[in-house]
Every structure is written in C-alpha cells, then in structure tokens.
Amino acid sequence: MKKFRYSLVALMTLLLFTACVNDSSDLVVLKAIDEVLRSEDVPEIEFNYDSYDTVEPASAIPADDNDYVENTTFDHIVNIAYTDDAVTLTGDIGAVTFAKSGAHLTVFSNSKNISYVLTGSTSNGSFKIYSKNRFSLTLNNVSITNPTGAAINNQGQYGSGGSGTKAMYVVLAEGTTNTLTDGSSYIFAGGEQMKGTIFSEGQVIFSGAGSLTVNGNYKNGIASDDYVVFRPGVNIGVNVSSQGHGIKANDGIYVRGGTLNIAVAGTAGKGMNTDASITIDGGRTTVITSGAPLVESNDTSSCAGLKCDSTLYVRGGVVNLLSTGEGGKGINATGSIEIFGGQLTVVTTGVKGLSAPKGIKCGKSESLLPGDMLITGGSIYCYSTNSSALDIKGILSMAENYLTFSDSGNLFKVKY
Amino acid sequence: MKKLLFASALLLLMPLMAQAQHDDFGVWYSLGAEKKVNKQLSIGAETEFRTRNDSKTADRWSIGVEADYKIIKGVKVSVGYTFLYDNNGESLSYNYDNTGAVASLNNWRPSYWGHRHRVTASLQGSMSFGRLGLSLRERWQYTYRPEKNLNRYDFDNAHWEAKPIKSKAKNVLRSRLQLDYDIPNWKADPYTSVEFTNAWNVQKVRYTLGADYKLKKAHTFSFYYRYQDIRDNDETEPDMHIIGVGYKYKF
C-alpha cells in the first residue's frame, strides 16, 4: 500500500510539472504578424526626371492673362553673361541701370517690357533686381551659386520696400540646363528680405521647356511673398537641405503642368507650403520629405509633402508624395481638400512620436477648424505604415460613382 | 514574397483565430478531505488543480469548503465556498477592411492570473434500484470576479495602454443527472453523468464516465473521463477532453 501511495504521489508530481508552459502569444511574434498584415505592395515613390509634358500650344494660351509671358511683348533684351568672378551685360542695356561687384549684379529698372537672358556660370555671383514693372528672366544654360544669399532676388520696385511688385516670368530656355544655389548663411542688407535661393517679392511664373535645379541651403528653395505658378513643359528639381521648404508662397501655389521633383530634408520641411491654396491641374509633382518634427512654443510642426492653410485642389496631373521622417505627413491642409481628378499617391513611413505620420490630414480641430474632404474623381492611394491614412477633422464626402474603394485604417484607396 | 509572408502570417494566427473550434485536453487533479460530524451533517474541503493546452499549461487552482446536510433519506442540501485562482487566456482582436478580411491586429491582452470567489447551494435527490443508483443535483452557483488592472497592447498606435477588467458576477444553475453502479465484490464503482450549466441558455454540458475506488473506507481514489461541450457562443474557451484524478480522505 505504501508503495502504491508513493507511486501515486510521484505520478501526480510528475504530471503537475508538465503543466508549466505559458500558452500566451509572444508579442514579438504578434508584431511580426501585424507587420505582415499591414504591409502592402506599397508603390515606390521615386524622382522621375524625365519630362512629363510639353509646353502648351499657342491656342491654349488665354488672352489677357497676365500669368502668361506670351501675352507681353518684351522688346528690350538684356543679355547677362556670368563667369566665375565677373558678369557682363550686353544688348539693350540703356533701358536699365545696374551695379556690379565681381559676379554679383544688381539691376535697377523703371522701364517696361524688359527680358533678361542669363548665361554662363559663377560660383560666387547673383542676380538681384529692383523693377517697377513685370519682367522676363530667361535662364539659358546658366549656373549661379551665391554663397551669401539668394541666387535670384526680385525686390520689386526700388524703394517700395517690396510693395507693389510685379510678376517675374522665369523662362527656362528650351533644351537648357540651369542650376541655382544659395549659401548656408545669408548676408542681409538694408532690412530687405531674402527667403530662398529664388526669392521674389512678387509673383513668380515658371515656363519654358528647359530644366532647372534649385538647391536651398539656407531656408527655402523657391520663395515668393505673392503666388507661384508652374506651367506645362518646365522641368524643375528643388533640393532643400536646410530647415526650410521646397516652394514657399504666401498667396498660393498653382501647378498647371510641368515636372516637379522636390526633396526636402530639413526639420519640419514642406515640399510646398503656402498660407493660401494649392491648386494642381496637371503635370507630375513628386515630393519626398525626410526630416524630423520641430517643437516651438509647445507647438509641434512636422514635415509634409503639401501644406496649405486654405484649400488643396487636385484637378488633374500626377501627384506622388512620400514622407519618411518621424510624424511626416503627405498632405496637411488646414482648410479643406477637393479632389476632382488626377492621380494622387501618398505614402508615409515615419514612426509616430511627437506627431502622427498621417497620410492626409485635413482641418485643424473638430471644433474650431474642422476641414472637409470632397472626392469626386481621379484616383487616390493613401497609405501610412504607422498611423492612419486619413485624418479628416470635418466631413469626408465621396461621389458614389467610384469603380473601386477600400478603407482599412492605414490604407485608403479609391478610383473613379 | 509578400503573398508567402501573408499566408504564413495567417497560418500563425490560425491557432488563435480558431481557438473555439479546436478541442483541448487537460487533466484535473483534486485532493480532498471529509469529516462526518453526525448522521446528517458532514463537512469537507478540497483543493483542485486544472491544466489546459493539451495539459501543458496551468489553468486553475482552487480551494474550497462544503457542508452537506441530509434532510431525509435520499435528499440532501449543500452549501459551499470556493476560492478560484485562474490563468485567464489571452485576448486578441483584429481590424477588418470593408471586404471583411483581416487587415491588421487591433489589441492584445496577454494571459493573466486572477482570482474569483464562488458560493454554491445545492439540492440533491438520490434513489436506488438494487445496485443501480440514480441522483439528480440542482446547484445554484454564484461567482464573483473583482476588478483587475491590466495592460493591453494597441497595435494601431504601437504602445501599451491600461485596460482594466471590470468586476463581474455570474449566476448559473447546474443540473446533474448521475447513474452509478455498485459492482459486487469490486471496490471500483463506475458512474456516468451529464451536467447542464444554464444561465439564460445552456452554457456548457459535461459528460462524465468514471469510477471511484474505495480503499479501507477512508481512502477514495477517483478517475474519470469527461467531455466538456461549450455551448455559449460568447465563450472563447474550447471544448475539452478531461482526465480527472482525485483522492479523498474520510475522517
């Protein structure tokens, strides 16, 4: 009997010790499963430097629209040739006055209908202009680096303090390659503003079938205190390594066409940033941001491909936005978003830290600035690896005649 | 490659997703003592240990006391209290896309140990037909689970968050019909039973086939096979095959 009892106790003890496995999952394994489930055949967003479109035919030029350089006859041509340490003016130079310091040129003009044609190359030069009237600036295989300021600087009418400025038409001569670069620090004079490698107090309208590379090392690549327009045929690359934006405009950014490749690496940098609206009607716009967020006065600002304080309109063209930095967003529209056409691809891969890397954020807060998003056409692919694809503070409205639609939190797709 | 990874992910998830369909196996060990106070009254204590997950994982510890009182011959009432210490299984939820497919993991609460208090009151009637015994026991069972502070992992935001488990009380009625047979000159008496656990509907059914082996009156060794059929659709516990092993000492 004793042997039996001891055997029974031994058996029960042995059996008890077999029950020591934890049947709860391993979080590392679950995370790996979750990552696989969330992974998508996410489209690769890369810069494509091939020209997407061509200049508009003459028949497509609306008459009497001052945004079109073709509607002004520039019958005074001033040729400006840069060498590394000098700049030479030829042509109708009697129409202007100017001052030179090495390869740094300042033009003073009260005359109308002047076209400035820039050629040559300098590693320490610039083009600065005070003009009472709109003017044309043709880039004809020119390369300008200004170590201490903007490469192109339009200050408007001399003595006006930047008010009453007129349009600067930047024409990229067909088949040419142009490069503009600023320095990592600026020397300011007379209280004047200089906000980027190309800076204009007035409107800037880009046209022509040439290419332009803008390198921003101090603040912004292209900056205007008015609005900026890109027309079909242009091929423009903007690379900003500083804490600034690719394209910054106070009164709006209009992409009517062209090929735009914008890389922004700085903290809280935006590919396009405006206090007003962004309107995209055509062309191929690719923006890649990679910077970290910035905290100032308890407010966190993160990178975004497109940022506007009013409405974002996408009515055509191709828009590819990639943000890889912490909290980097694809689109951040304080106002509203209206998608009528075009092909919009937004991918954010950054981690969530100080801010969330939403794909598309619309509105500021549900109570104060809700922000509505309206979709009636085109196609949208919006994916966020570590956050929500959409963060619409107001109302999301979609026309019901879509072909396909899916929404699973971090992936939003619709196709009309 | 992504298709292969996705398929592998689903395979790894299947044990969790199909938990309710997979029959489990466990062993229930019990150790008890009983004292007859007088002809009507007896008191007892029992401790039990249960396993699950093909008996690889500890499922529950319990210790309880009970008192039985014979009202008349063949009818007795019982009251009891049991302290339960459970290894509650993990909980995993999912996000679904608008086609109904699993899109990602949502929240995960790992398994945790928690205690409960249980009181029971029973009425049992028994009849004998020669060597065949028939009994019907109706047991009211009240179980209380206190609130517990827990954490769960939020996959959408990739962080742990506090998610306490609220206190909960549960009342059920357990009805057990049992047949036993006294084999002559044989110390192992077999029995079989079926027990229904009812709340507002049948929550659980237990089918048992076992035998009690009595040695010198004081020692009783129990062995049984039990199949537990979970009928409650909200219950994530799987159906289970159970081997029971027990020992009781009668003073």
Side-chain angles (χ1 to χ4, degrees), chain A residues 1-2 4-5 7-42 326 350-353 355-358 383-389 391 398 402 404-414, chain B residues 1-13 15-16 19 24 26-27 29 31 49-59 87-92 94-99 101-106 108-112 153 155-160 215-216 219 221 243 245-247:
Chain A
M1 183 54 197
K2 272 189 185 173
F4 175 75
R5 271 192 230 150
S7 302
L8 181 64
V9 169
L11 174 65
M12 289 179 74
T13 307
L14 179 67
L15 288 170
L16 279 173
F17 275 106
T18 64
C20 54
V21 170
N22 182 357
D23 61 355
S24 198
S25 300
D26 187 318
L27 181 57
V28 172
V29 172
L30 289 179
K31 282 182 177 177
I33 292 170
D34 186 56
E35 190 179 328
V36 169
L37 288 170
R38 288 176 192 266
S39 67
E40 258 281 311
D41 282 331
V42 180
E326 176 189 325
V351 297
K352 180 181 176 185
S355 73
K358 310 281 175 66
Y383 174 76
S384 175
T385 307
N386 298 307
S387 188
S388 307
D391 179 11
M398 289 172 47
Y402 51 78
T404 58
F405 163 68
S406 70
D407 182 5
S408 59
N410 66 332
L411 175 62
F412 176 86
K413 294 191 287 189
V414 64
Chain B
M1 177 61 183
K2 281 212 180 280
K3 280 185 185 173
L4 178 62
L5 284 170
F6 179 70
S8 305
L10 280 182
L11 278 172
L12 284 167
L13 266 179
L16 286 162
Q19 200 174 4
D24 197 5
V27 180
Y29 308 85
L31 204 61
F49 172 68
R50 296 183 181 182
T51 66
R52 66 167 187 248
N53 187 27
D54 294 333
S55 198
K56 292 180 290 191
T57 302
D59 184 46
N87 181 7
N88 296 276
E90 65 183 346
S91 166
L92 181 64
Y94 309 90
N95 294 316
Y96 299 90
D97 64 23
N98 61 326
T99 66
V102 172
S104 59
L105 303 185
N106 186 11
W108 174 65
R109 195 260 303 137
S111 61
Y112 70 96
Y153 190 78
F155 287 94
D156 292 332
N157 294 298
H159 69 181
W160 286 96
L215 194 66
K216 290 186 180 177
H219 309 281
F221 299 91
I243 296 290
V245 179
Y247 170 77

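Every heavy atom of this structure was used, including side-chain atoms; hydrogens, water molecules and symmetry mates were not.
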Toward chain A, the part of [X] with a non-hydrogen atom under 4.5 Å:
| X | result |
| --- | --- |
| B:Ala158 | neither |
| B:Asn95 | side chain |
| B:Tyr153 | side chain |

For B:Arg52, what residues pass the side chain to side chain donor-acceptor pair (under 3.5 Å) criterion, not counting sequence neighbours?
-> A:Asp23, B:Asp59
When rounded to the nearest 0.5 angstrom, what distance separates CG in B:Asn157 from OG in A:Ser387?
-> 7.5 Å
Are any side-chain N or O atoms of A:Ser24 and backbone N or O atoms of B:Ser111, one a donor and one an acceptor, separated by less than 3.5 Å?
-> yes
Under 3.5 Å donor-acceptor, B:Ser104 side chain and A:Asp34 backbone = no
Heavy-atom check, side chain of A:Leu37 versus side chain of B:Phe155, under 4.5 Å = no
Could you tell me which residues satisfy side-chain contact (heavy atoms from CB on, under 4.5 Å) with A:Asn410, sequence neighbours excluded, listed by chain and number?
-> A:Arg38, A:Tyr383, A:Ser408
In short, B:Leu105 meets A:Leu30 closest at the heavy-atom pair CD1-O, 3.4 Å
